[in-house]
Amino acid sequence: MSDTTGSLPHRPTVRPTDRHGHVPPLGVHLAGDGVDVAVLAARATAVDLCLVDDDGERRVPLDGPTYGVWHAHVPGVTEGQRYGFRVDGPWVPAEGLRHNPAKLLVDPYARGIVGAFDHSPVGYGYVAEVDDDGRVVGDPFGELDPRDSLGHVPLSVVVAPRTGDQAPRPHVPWSQTVVYEAHVRGLTIGLDALPEELRGTYAGLAHPATIEHLRSLGVTTLELLPVHAFVDEPHLAVKGLTNYWGYSTLGFFTPHPGYATAAARDAGPGAVLEEVRGMVHLLHEAGIEVILDVVHNHTCEAGDDGPQLSWRGLDARGYYLHDDGTPVRFADVTGTGNTLDHRRPRVVQMTLDSLRYWAQEVGVDGFRFDLAVTLGRGHHGFDPDHPFLVALQTDPVLNGLKLIAEPWDVGPGGWQTGNFPAPMAEWNDRFRDAARQFWLADAREASHGRAGHGVRELATRLAGSADLFGHSDPPLVRGPVASVNLVTAHDGFTLADLVAYDHKHNEANGEDGRDGSGDNRSWNHGLEGRVETGDAALAPGIEIVPLRRRSMRNLLATLVLAAGTPMLTAGDEMGRTQRGNNNAYCQDTPTSWVSWDLSPWRQDFLATTRHLLALRREHRALRADAFYLGRPRHALRTAVPDLAWFDATGAPLDHGGWVAPDRRVLQMLRTGPADGAHDVLLVLNGSLDEVEVTLPAVPVPDDVPGPRPGTWDLAWDSVWEHPDERGTADDAHLAPGARALLEPLSVHVYISA
């Protein structure tokens, strides 16, 4: 390649190398009178740094490769400089080699990105065109496309390191953690309490009104859907839709500029980064942690026929997992068309470098790893001792952060819940399924006279899922906090939709309803869709509305009061609906946004959420940090078991009760984990009939001296629309052995006096 568009005032100083391979860190970093440049392109024959200005492009040949890295020191380059790379080398797509110097490539280590991919055929490495339906089509194994992609693709930008004091991390213990999963734009775009220019932005997340809502709930940890720079997939661009969720990464070191305020975007990538750092700082000052949902399993470049934006043109074989076919194709265990190959050290390095950058320079408190099984795949499938997972356990920057795995992907052996090493926590899909099955799917079956699945699975999840997370080496060291319990997430029905829809309604996504899961375990309570109450007292379906809301409260209580780490989905606390869309990934519309216009019942549900989280916060028996053993804790003076189960009569649950498919009543007693701490009794009636239960006594052995527990105080009943109804409850104080009447499909929570 040659410089055909201009020249630098001084020839760049090429950093000398020797056989030991001394090269600068990957990326473009300000150094002295210019920048140090290093980019991995192991199979290339030449690489140019391309400096882009309003009057054209200047190309700087890089030295190399040294162990696959091309590098130089380039004087005269300052912050704000736009740039990219052009890479020459073999174009043999059948062998996975896709070098094309006509395509300007984004730096994988760029700290800033400007511009957008216009989805033109010029952005593809192979010869392509637009068909009558607006799709880019061509032969990805065909001829190289000679058209220059400058002007059609995003550009990298030089950004100086950000400095300045940051508020210290809150370091919330896992046992006290309450995770709140939210979308940067979707959470505040409709929040009228914010100035209009802050709605839907990083700055909006840190506004006092947003922080007050999170703190009033009892949220300790804000988990953000992807904030790495991303682009829309080609098939969405054709339909006029966008990748709202952001699981299509273009830059692992770059904040997505679309979530910044207009003022920050106008000021450039450095200002966008400052806004993100300021958001983290203010949330930390409020005692709230920030976790990023990161997508290191794939990139935005799609499958074999995808665009040539960065990694594909630098070294497709080195970055991406391929099959062994002829021609060689991208291997896909992510469902996106491509998979980053974490068997390769340089891919592991890129991921770790990105995580450290966000932890150290931005200050975030942890990461949720999308499709984390992909990151632990070796040559023979998932390996819990994979080098990347070992690095997370041992890296001094990362191992003290909160690390959460989404423990599955779509490849062979892709379901690995419970198999990640400490200190990682994991999304527990078994908890999600058990809660929905007991309260919704089995109740729906019971309404048709059919048996369900009993109480055993739900009880296992309520107790912290030791069957999944207890088989560590040594056993039980992870504790129930390793289970991130969820009933909903960004992917799937909202809590309100779980009780209103039996079927997904994804027509707006433009995929003829094929997208989204069909296994929702939901229950519409007899009528599909919303019931328009308004002022029409006799509106169709009005009679099922109270039961729907009770079912929501049952699911919420199961989530908040179970052993483990609860995760709420933004808006569920206020009854947010997506009108039955269970895969709203492409809906940057009110369908996905949190609605802050609260009707009376939504205000009541918000109060209920706050009340239940306050109960969890106030009572240590609800915040277990060690697995239950069903026997006394050795550190306490009392000789009572840490956990006991009872049937409706107050008798210990026997084997027959555990395995009976029609058993729908369960009493769970957790004793205080410290001397003097209150005990908590959770009473569940999953049947469609009223049930009379006998409240058990705390099982203190007869030979243990001292007073026996007094009364059980009713702290909450899921029949209540608002927690204030506690003041009118007839059974607010009951002695052990007393009887309580549970309405159909309800939960009682008692606290020992």
Side-chain angles (χ1 to χ4, degrees), residues 1-7 39 41 43-62 70 82-108 110 113-157 229 231-238 248 250-251 299-317 319-320 327 330 337-338:
M1 293 181 291
S2 61
D3 183 354
T4 59
T5 58
S7 61
V39 62
R43 293 164 177 80
T45 57
V47 177
D48 283 355
L49 171 70
C50 302
L51 304 174
V52 180
D53 300 303
D54 292 340
D55 56 353
E57 172 191 350
R58 296 172 291 163
R59 300 184 185 180
V60 182
L62 301 183
W70 299 77
R82 293 170 292 162
Y83 71 96
F85 295 110
R86 295 188 186 273
V87 180
D88 207 346
W91 175 264
V92 191
E95 298 177 9
L97 303 174
R98 297 175 177 270
H99 306 96
N100 184 341
K103 308 306 171 183
L104 192 62
L105 305 176
V106 169
D107 179 6
I113 294 175
V114 295
F117 175 41
D118 65 3
H119 295 281
S120 161
V122 180
Y124 291 70
Y126 57 92
V127 175
E129 60 183 10
V130 178
D131 69 8
D132 293 340
D133 295 323
R135 298 173 301 177
V136 175
V137 296
D139 180 5
F141 298 96
E143 295 298 318
L144 172 149
D145 180 57
R147 294 172 290 182
D148 192 337
S149 67
L150 177 61
H152 299 275
V153 295
L155 297 173
S156 309
V157 180
V231 299
D232 300 326
E233 290 90 337
H235 77 276
L236 293 178
V238 171
S248 189
L250 175 63
T299 77
C300 65
E301 291 188 304
D304 295 303
D305 58 351
Q308 191 125 331
L309 302 177
S310 181
W311 305 270
R312 184 194 303 266
L314 289 165
D315 187 0
R317 287 301 297 263
Y319 279 111
Y320 290 116
F330 282 12
N338 69 67

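Distance check: Leu250 CG to Ser156 OG gives 8.0 Å after rounding to the nearest 0.5 Å. Interatomic distance, OH of Tyr83 versus CG of Leu105, reported as 12.0 Å (0.5 Å rounding). Rounded to the nearest 0.5 Å, atoms CH2 (Trp70) and OG1 (Thr45) are 6.5 Å apart.
Of the possible donor and acceptor atoms, one in the side chain of Arg312 sits under 3.5 Å from a partner among the backbone N and O of Gly303. Without hydrogens or angle criteria, Arg86 side chain to Ala102 main chain gives a donor-acceptor distance under 3.5 Å. Formation of a donor-acceptor pair under 3.5 Å by the His99 side chain with backbone atoms of Pro90 is found in this model. One N or O on the side chain of Ser149 and one on the backbone of Leu104 form a donor-acceptor pair closer than 3.5 Å. Between the side chain of Asp53 and the main chain of Asp55, no donor-acceptor pair closer than 3.5 Å is present. The backbone N or O of Phe330 sits less than 3.5 Å from a side-chain atom of Asp304, completing a donor-acceptor pair. Side-chain N or O atoms of Lys103 include none that pairs as donor or acceptor with a backbone N or O of Pro146 at under 3.5 Å.
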Working for side chain to side chain contact (heavy atoms under 4.5 Å, CB included), residues Tyr124 and Glu129: CA-CA 10 Å; Tyr124 291 70; Glu129 60 183 10; over 6 Å; no
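Looking only at side-chain heavy atoms (C-beta outward), Val136 and Pro234 stay at 4.5 Å or farther from each other. At a threshold of 4.5 Å between non-hydrogen side-chain atoms, the residues Trp91 and Arg98 count as touching. Here the side chains of Asp54 and Arg82 are in contact, with some heavy-atom distance below 4.5 Å. Looking at Asp315 and Arg317, their side chains come closer than 4.5 Å, going by heavy atoms from C-beta outward. Contact annotation: the side chain of Ser310 never approaches that of Thr299 to less than 4.5 Å [non-hydrogen atoms, C-beta and beyond]. You'll find the side chain of Val87 stays beyond 4.5 Å of the side chain of Gln308, heavy atoms only. Leu150 places a side-chain heavy atom less than 4.5 Å from the side chain of Leu155. Side-chain contact between Phe85 and Leu49 is present, with heavy atoms from C-beta onward closer than 4.5 Å.
When all heavy atoms of Asp145 and Val127 are compared, the closest pair comes out as CB-N, 3.8 Å. The minimum heavy-atom distance between Val122 and Asp148, with the atom names listed, is CG1-O, 3.2 Å. Across all their heavy atoms, Val47 and Ala41 have their closest contact at CG2-CB, 4.0 Å. Smallest separation of non-hydrogen atoms from Leu309 and Cys300: CD1-SG, 3.9 Å. Counting all heavy atoms, side chain and backbone alike, Asp118 lies closest to Gly151 at OD2-O, 4.4 Å. Here the shortest heavy-atom pairing between Asn100 and Gly125 reads ND2-O, 3.0 Å.
A search for salt bridge (Lys or Arg N to Asp or Glu O under 4.0 Å) contacts involving Arg135 returns Asp131, Asp133, not counting sequence neighbours.
Classification of the Trp311-Tyr320 ring pair by plane angle, with boundaries at 30° and 60°, yields perpendicular. Taking the six-membered ring for Trp and thresholds of 30 and 60 degrees, Phe117 and His119 have ring planes inclined between 30 and 60 degrees apart.
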